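Position 1 is the first residue of the sequence, and the numbers go up from there. The structure displayed is predicted, hence computed values, not measured ones.
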Amino acid sequence: LFLFTLQGRVQIENGALSITALNLSDSGMYQCVAENKHGSVYSSAQLMVLASAPSFSKSPLKALLKARSGSEVTLECKPQASPPAISLWKKGNEILQRTERIALFPNGTLKIANLTKRDAASYTCTAKNRFGTASTTGRLLITEPTRITMRPTNMEIIVGESIVLPCQIACDPALDISFSWAINGQLIDFQRDRDHFERVGGGKGMLHWPAKRLLDTNITQGGRFMPRGTHLRASQWSVVN
């Protein structure tokens, strides 16, 4: 009777049992019996057909995602679902379609290339199978690239003078910017070396080297400006008598 209900969906080949188009009624204990003239042996296994509506409880979209203008961003839609869910992406209330910049992959991934300010919006992935529907939403924020507007320059300093190496940037207000400095490739620890160096300026991006630190003679130092999100910029200076 059981094999009759599986008619058209079951195949036995070389002792292997294959069932296609599983449904909940296929759950149960399956037993393989091998026989010859000397006897028989048995092996059993339980099949559990799981069914669940989509859920994003373990893989929601980030509430806020920042990406730089001109770059690309990838948003993944990974619901838990059985059977696998079909995914649909929306930008606001608009259903997204494939374009030269927008790629929609079979696994639910969304990729947007060459980002512009117009791409800033809330994005929603909706997943659906025959047991239900679920969605997850995240907001994409497009930021402008950080630019150095005043760079440190090479200079020559007389012993006993103080120096200030300038560093000014223009950045998107949505970004958190931090500054760091290095001498000959070694980062300056401003806490440990506070008697020698200090950061000055409104954004604390300029480096102040007090006169008392410049009493060493015949040395050449290299300073490298390293604000996050920008290209490295080096300047060199000499201390002379």
Participant: Just verifying a value: how many Å separate Leu88 CG and Thr133 OG1, rounded to the nearest 0.5 Å?
Facilitator: 10.5 Å
Participant: Tell me, please, which residues at least two apart from Ser43 pass side chain to side chain contact (heavy atoms under 4.5 Å, CB included).
Facilitator: none
Participant: What pairs with Lys58 under side chain to side chain contact (heavy atoms under 4.5 Å, CB included), at least two apart in sequence or on another chain?
Facilitator: Gln80
Participant: If the condition is side chain to side chain donor-acceptor pair (under 3.5 Å), which residues does Ser44 pass it with, not counting sequence neighbours?
Facilitator: Gln31
Participant: Can you list every pair that meets disulfide bond (SG atoms under 2.5 Å apart) and has a residue in residues 101-141, with sequence neighbours left out?
Facilitator: Cys77-Cys125
Participant: Which atom names give the shortest non-hydrogen contact between Ala120 and Ile142, and what distance separates them?
Facilitator: N-CG1, 3.8 Å
Participant: Report yes if some heavy atom in the side chain of Pro54 is under 4.5 Å from a heavy atom in the side chain of Phe131; otherwise report no.
Facilitator: no
Participant: Identify the two heavy atoms, one from Thr136 and one from Pro60, that lie closest to each other, and give their separation to 0.1 Å.
Facilitator: OG1-CA, 3.6 Å
Participant: Distance-only, no hydrogens or angles: does the Lys111 side chain make a donor-acceptor pair with backbone N or O of Leu104 under 3.5 Å?
Facilitator: no
Participant: Just list the side-chain donor-acceptor pairs under 3.5 Å for residues 68-75, sequence neighbours left out, or say none.
Facilitator:
unit_1	atom_1	unit_2	atom_2	d
Ser71	OG	Arg68	N	3.4
Ser71	OG	Arg68	O	2.5

Participant: Quick one, Ile112 and Tyr123 - any side-chain contact, counting heavy atoms below 4.5 Å?
Facilitator: yes
Participant: Under 4.5 Å between side-chain heavy atoms, hopping through other hydrophobics if needed: is there a path connecting Leu110 to Ile95?
Facilitator: no
Participant: Of all heavy-atom pairs between Ala85 and Ala127, which one has the smallest distance, and what is that distance?
Facilitator: CB-CB, 3.8 Å
Participant: With Ser135, which residues qualify under side chain to side chain contact (heavy atoms under 4.5 Å, CB included), at least two apart?
Facilitator: Thr124, Thr126
Participant: Can Leu96 be reached from Leu61 by stepping across I, L, V, M, F, W or Y side chains whose heavy atoms are under 4.5 Å apart?
Facilitator: yes
Participant: List for me each residue that meets salt bridge (charged side-chain N to carboxylate O under 4.0 Å, His left out) alongside Lys128, sequence neighbours excluded, and say none if there are none.
Facilitator: none
Participant: Partners of Ser52 by side chain to side chain contact (heavy atoms under 4.5 Å, CB included), sequence neighbours excluded?
Facilitator: Ser82
Participant: To which residues is Tyr42 joined in a hydrophobic cluster, defined by side-chain heavy-atom contacts under 4.5 Å among Ile, Leu, Val, Met, Phe, Trp and Tyr, whether direct or through other members?
Facilitator: Val33
Participant: In Å and rounded to the nearest 0.5 Å, what is the NZ to OG1 distance from Lys66 to Thr143?
Facilitator: 8.0 Å
Participant: So which pairs with a foot in residues 83-104 pass side chain to side chain donor-acceptor pair (under 3.5 Å), sequence neighbours left out?
Facilitator: Arg101-Asp119
Participant: Determine whether Ile86 and Phe56 fall in the same hydrophobic cluster, where Ile, Leu, Val, Met, Phe, Trp and Tyr are linked whenever their side-chain heavy atoms lie under 4.5 Å apart.
Facilitator: no
Participant: With a cut-off of 6.0 Å (strictly less than), are more than 12 heavy atoms of other residues, nucleotides or ligands near CE of Met48?
Facilitator: no
Participant: Does any N or O in the side chain of Asn129 come within less than 3.5 Å of the main-chain N or O of Ala53, such that one atom is a donor and the other an acceptor?
Facilitator: no
Participant: Output all residues satisfying salt bridge (charged side-chain N to carboxylate O under 4.0 Å, His left out) with Glu144, sequence neighbours left out; order by chain, then residue number.
Facilitator: none
Participant: With a cutoff of under 4.5 Å between side-chain heavy atoms, which Ile, Leu, Val, Met, Phe, Trp and Tyr residues group with Leu141?
Facilitator: Leu64
